[in-house]
Participant: 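Mind looking over this structure? Questions follow.
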Amino acid sequence: MTETHDWYVEQREAFVLLALEADDMQTFEDHLGRCETCLTAVAALERDLAPLAYGVRPVAVPPGMRRRITDAVLGPSTGRTASRAPWLIAAAALFAAAASGTVAWQRDVALRDVQATLAAMQLRDSTLADSLSVMSNTSRVMQASFRGGDGTGGLVVMADERSHRWRVVVHGPAAPDGMSYLVCFITPTGLKHAVTVGRGGTPTSFTLGMPADGTTVLGAALLLQADVPAPGAVTVETPIAEVRL
Amino acid sequence: MTPGPKPSADAARPVRHRLLAPAREAELRARLCARDERALSELVDVATPWLVGLVQGMLRDPDEAEDVVVETFRLAWSSIKPAAEDGTPLVPWLARIARNRAIDHLRADRRRRVRQGVVQRDTDDRTGAVYPDEAATPGWHVHGEVHRALAALPAEQGTVIRLAYFEGLTHSEIADRLDAPLGTVKTRLRLAVSKLRGTLAALEGWTR
């Protein structure tokens, strides 16, 4: 290796891309500490090539990772992000409504409203808790993408192998009129309908239990089918995307 | 009475689309320097899909990639500087830290494999789940521009850039992979960077 400045000039691009061998990398870094010209040139290269960071496709963030990051940076999250539970807020509102009501019927109406709100919130909370439970216990993530209509789509399955439930995300271009996406279990004897997702167009996610009859499940398939098959119409039975355990 | 400031076009966009606008970027950086924990959460939301994609592509191991991304944020939190001292946009800055860490892992792993006589795995099984709403991810339009710029390169130059940047290979590793002379690889890399610079530098306001 020559120690002339030309060598450093030739290595600038490789340094910015981190493509130099370890020894050369160290030599170049040492040089940057005493060469303003190279320092300026490298800074300009880094600035111009910065958009390369967006050259990969973004990836769905693994369940629980956001919390892992904040815990690693800020320490365990006890109390940091805790917010009041919605049911507590509703209970406080109920108490306030009961305490401040001056007319009995007004209080009864308010009471019923708050009770209905509370019930809806509890239902939402339990649904959310259930979803989060599956996602946080995910032991395996499977995904498949597909091209259809005027765009691309994907099927993501987060499998909680402990509770034998899946969190499924389906996203695809809007299905043609009269058609819907459906998710099927792949079983040793063929496809078994699991859930009809709808027309697509926006991401849909849901929690799915395994078949109640104990059928062995090998994976999941996404299909596009006619809502009401016309007489004589050919039913599309070829999955457009599938994932296997 | 003096009229109030006219709302900017950015202000009318949904929050997720304006997270990387220059003003927002500067504000986020200032709050990170001030140790605002919410700013950290916002940065995690914006950057993590890109960082996980980048590092998984390099390491091909989701668990190891996750460790690298966590470590990246830890390092970033402890070393972030005001814009006056470091003008690199936040996501590319994080990507550089992440690539550095991923390359450390890759090269340590290669040394271990060489010591153990393990044949290097060369598969293309991307393990990450594609972001279900990727087109709405802040920075997605830049992704398209970068792909167009890469696609415009001569094939052999595009290949060396991909191997160097997205797979973290050194000059000599690229030469081995392509069975090409080392000097040829160096020349292709320099030519490719020169062309990419011209294209990417022309992306006006690409952090928007």
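Here the structure is a predicted model, which means the values were calculated and not measured. In what follows, chains carry the letters A, B, and so on, assigned in the order in which the sequence lines appear, proteins first and then strands, with residues in each chain numbered from 1.
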Participant: Do the non-hydrogen side-chain atoms of A:Met65 and B:Val52 ever get within less than 4.5 Å of each other?
Facilitator: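 A:Met65 vs B:Val52: side chains touch.
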Participant: Measure the spacing between CG of A:Leu49 and CZ of B:Arg96 and express it to the nearest 0.5 Å.
Facilitator: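 Interatomic distance, A:Leu49 CG to B:Arg96 CZ, rounded to 0.5 Å: 10.0 Å.
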Participant: Measure across A:Pro51 and B:Val142 and return the closest heavy-atom pair with its distance rounded to 0.1 Å.
Facilitator: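 So the two residues come closest at CB-CG1, 3.8 Å.
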Participant: Please report the interatomic distance CG(A:Leu17) to CG(B:Leu169), rounded to the nearest 0.5 Å.
Facilitator: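 These two atoms lie 11.5 Å from each other.
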Participant: Quick check on the interface: out of B:Leu150, B:Thr170, B:Thr72, B:Val146, who has the most heavy-atom pairs with chain A under 4.5 Å?
Facilitator: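 Highest number of pairs under 4.5 Å: B:Thr170.
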Participant: Any side-chain heavy atom of A:Leu20 sitting closer than 4.5 Å to one from B:His171?
Facilitator: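 Yes - at least one pair of side-chain heavy atoms lies under 4.5 Å apart.
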Participant: Relative to chain A, which segment of B:Ile161 carries a heavy atom at a distance below 4.5 Å: side chain, backbone, both, or neither?
Facilitator: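 B:Ile161 touches chain A through side-chain heavy atoms alone.
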Participant: Under the criterion side-chain contact (heavy atoms from CB on, under 4.5 Å), I'd like the reasoning laid out for B:Trp77 against A:Leu74: C-alpha separation, chi angles, the key distance, then a yes or no.
Facilitator: CA-CA 9 Å; B:Trp77 181 252; A:Leu74 306 171; 3.6 Å; yes
Participant: Strictly less than 4.5 Å between heavy atoms, which residues of residues 179-189 of chain B line up against chain A? Please order them by number.
Facilitator: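 If one takes a 4.5 Å heavy-atom cut-off, the residues of residues 179-189 of chain B near chain A are B:Leu189.
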Participant: Go through the atoms of B:Leu40 and report whether side chain, backbone, both or neither lie under 4.5 Å from a heavy atom of chain A.
Facilitator: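 B:Leu40 touches chain A through side-chain heavy atoms alone.
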Participant: Hey, does B:Glu37 have a side-chain heavy atom less than 4.5 Å from the side chain of A:Thr70?
Facilitator: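 They are not in contact (no side-chain heavy atoms under 4.5 Å apart), so the answer is no.
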Participant: Counting only heavy atoms closer than 4.5 Å, note whether B:Ser41 contacts chain A via side chain, backbone, both or neither.
Facilitator: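 For B:Ser41, backbone and side chain are both near chain A.
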Participant: Look at B:Leu75, B:Val69, B:Ile174, B:Asn100 and state which one has the largest set of heavy-atom pairs under 4.5 Å with chain A.
Facilitator: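 Heavy-atom pair counts peak at B:Asn100.
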Participant: With chain A, which of B:His143, B:Glu145, B:Glu173, B:Arg74 has the greatest number of heavy-atom pairs at distances under 4.5 Å?
Facilitator: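 Maximum pair count with chain A is reached by B:His143.
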Participant: Which region of A:Gln11, side chain (C-beta onward) or backbone (N, CA, C, O), has a non-hydrogen atom less than 4.5 Å from a non-hydrogen atom of chain B, or is it both or neither?
Facilitator: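 It is the side chain, since no backbone atom gets that close.
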Participant: For A:Asp23, I'd like to know if atom CG has over 12 heavy atoms of other residues, nucleotides or ligands within 6.0 Å.
Facilitator: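 Incorrect, the count does not exceed 12.
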Participant: Roughly how far, to the nearest 0.5 Å, is the CG atom of B:Leu51 from the CD1 atom of A:Ile69?
Facilitator: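 Rounded to the nearest 0.5 Å, the CD1-CG separation comes to 8.0 Å.
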Participant: Below 4.5 Å, heavy atoms only, C-beta onward: do A:Asp48 and B:Leu200 meet side chain to side chain?
Facilitator: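 A:Asp48 vs B:Leu200: side chains apart.
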Participant: What closest approach, in Å, do A:Ala53 and B:Pro92 show between heavy atoms, and which atom pair accounts for it?
Facilitator: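 Answer, listing the atom of A:Ala53 first, then B:Pro92: CB-CA, 3.8 Å.
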Participant: State the CZ-OG1 distance between A:Arg47 and B:Thr88, to the nearest 0.5 angstrom.
Facilitator: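 Answer for the CZ-OG1 pair, A:Arg47 versus B:Thr88, is 9.0 Å.
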Participant: Could you tell me if B:Ser172 and A:Glu21 have a donor-acceptor pair between their side chains, going purely by distance under 3.5 Å?
Facilitator: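 The answer is yes; a qualifying pair exists.
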Participant: Applying the ring-ring contact (aromatic ring centres under 6.0 Å, His included) test to A:Tyr54, which of B:Phe166, B:Tyr165, B:Trp50 qualifies?
Facilitator: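 In the set B:Phe166, B:Tyr165, B:Trp50, the residue that makes a ring-ring contact (aromatic ring centres under 6.0 Å, His included) with A:Tyr54 is B:Trp50.
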Participant: At a heavy-atom separation under 4.5 Å, does B:His147 approach chain A through its side chain, its backbone, both, or neither?
Facilitator: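 Just its side chain gets close to chain A.
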Participant: Which atoms of A:Leu45 come close to chain B, meaning under 4.5 Å heavy atom to heavy atom: side chain ones, backbone ones, both, or neither?
Facilitator: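 Both backbone and side chain.
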Participant: Please classify the contact of B:Val70 with chain A as side chain, backbone, both or neither, using a heavy-atom distance under 4.5 Å.
Facilitator: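 Both parts, heavy atoms under 4.5 Å.
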Participant: Can we say B:Asp67 and A:Arg68 salt-bridge, meaning some charged N sits less than 4.0 Å from an Asp/Glu carboxylate O?
Facilitator: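 Salt bridge flag = yes for A:Arg68 with B:Asp67.
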Participant: Counting only heavy atoms closer than 4.5 Å, note whether A:Ala22 contacts chain B via side chain, backbone, both or neither.
Facilitator: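 Neither; nothing under 4.5 Å.
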